[in-house]
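A quick write-up on the structure given underneath.
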Amino acid sequence: MELHVWAAFAGASLVMAVIPGPGVASIVGFAFSSGRRTALASVAGMAVGNATAMIVSLGGAAAILASSALAFSILKWIGAAYLIAIGLIAIGRSGASNASDAPARAIAPRAAFLTNVAVGTFHPKTILFFVAFATQFIDPHGPYLAQAAILVATFTGIAAATDTLYALAAARASGLLVQGRARLWAQRAGGGVLVAAGVATAAMRR
């Protein structure tokens with residue numbers, strides 16, 4: 001892949017990654033509800049999900065999603081339901097903590113990681129976008145697999161870097177809310193952001 005082609009793709013990927021979407025919303029939600037460690041685990045999960053979505057896109061799965069309303073709906077609702085469920089769990093835990101005056105139990109990093117693997121992987125519009133966008137940077141006369149690997153690694157790395165910045169900023173803001181009631185509302189806000197991300201995913205149309 002020629003350097004100027006890669007640079008153009010990297011620049012476009014940076015713009016895409018900086019613009020907040022359901023993925024960023026879920027990361028911020030985890031940061032507010034459960035802290036930096038869980039947020040960073042969710043970033044790692046999103047990176048795995050993004051890489052998986054890109055791989056299946058470049059492998060041709062996007063053609064199935066583009067032609068099948070059922071396949072699109074199944075993936076959309078899986079991702080939406082998972083986000084909403086995790087958000088409601090976070091809100092429920094904060095409410096239970098308030099009633100007992102005990103600290104709310106944070107969402108485990110493992111759960112956040114697996115959640116965002118699902119969010120990144122089962123995001124149908126991401127898959128469709130990748131196949132429509134990323135393939136524009138592939139030279140049909142060059143080795144396809146090598147070029148595809150470069151694009152996957154580039155986008156995944158850039159998105160992981162910007163997602164990490166979002167996670168650290170949100171965790172820092174959450175950490176400033178050290179008082180009990182402020183912390184409680186931060187946890188509820190985090191759960192609410194996760195629910196909102198799920199609703200936004202459910203509202204997607206082909």
Side-chain angles (χ1 to χ4, degrees), residues 16-17 19-57 61 65 71-97 103-130 152 155-175 183 186-204:
M16 289 166 50
I19 298 173
V24 170
S26 70
I27 290 168
V28 171
F30 282 123
F32 271 96
S33 65
S34 303
R36 182 174 63 180
R37 186 181 175 197
T38 296
L40 292 177
S42 75
V43 170
M46 187 61 66
V48 172
N50 282 336
T52 303
M54 262 194 106
I55 290 170
V56 299
S57 297
L65 289 176
F72 183 95
S73 295
I74 289 173
L75 287 184
K76 178 182 76 171
W77 285 106
I78 288 174
Y82 209 64
L83 273 175
I84 292 172
I86 292 295
L88 292 176
I89 289 172
I91 294 172
R93 285 177 175 174
S94 69
S97 169
R105 187 159 56 96
I107 296 171
R110 175 184 173 85
F113 174 84
L114 294 176
T115 296
N116 274 9
V117 169
V119 171
T121 301
F122 299 124
H123 200 295
K125 281 210 167 180
T126 299
I127 296 175
L128 292 174
F129 182 79
F130 279 150
V152 171
F155 180 86
T156 302
I158 290 174
T162 58
D163 286 347
T164 298
L165 294 178
Y166 275 114
L168 293 176
R172 173 65 176 167
S174 176
R183 186 70 178 175
Q187 291 165 344
R188 288 177 176 174
V193 171
L194 290 171
V195 172
V199 172
T201 300
M204 289 188 308

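Note that the coordinates shown come from a computational prediction; the quantities given were computed from them, not determined experimentally. By convention here, the first residue in the shown sequence is residue 1.
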[X] versus [Y], closest heavy-atom pair with distance:
X	Y	answer
I27	A39	O-CB, 4.1 Å
F30	S42	CD1-CB, 3.5 Å
A47	A160	CB-CB, 4.3 Å
A170	F32	CB-CE1, 4.0 Å
L40	A167	CD2-CB, 4.2 Å

_Residue pair N116 / V48, side-chain heavy-atom distance below 4.5 Å_ = no
*Donor-acceptor pair, S34 side chain versus A31 backbone, under 3.5 Å?*
no
*Residues in side chain to side chain contact (heavy atoms under 4.5 Å, CB included) with A51, at least two apart?*
V152, T156
*For L165, check side chain to side chain contact (heavy atoms under 4.5 Å, CB included) against everything at least two apart and list the hits.*
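Checked L165 against side chain to side chain contact (heavy atoms under 4.5 Å, CB included); zero matches.
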*Test side chain to side chain contact (heavy atoms under 4.5 Å, CB included) applied to T162 and V24, step by step*: CA-CA 9 Å; T162 58; V24 170; over 6 Å; no
_Let me confirm one number: the OG1-CE distance from T115 to M46, rounded to the nearest 0.5 Å._
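Nearest 0.5 Å value for the OG1-CE distance: 9.5 Å.
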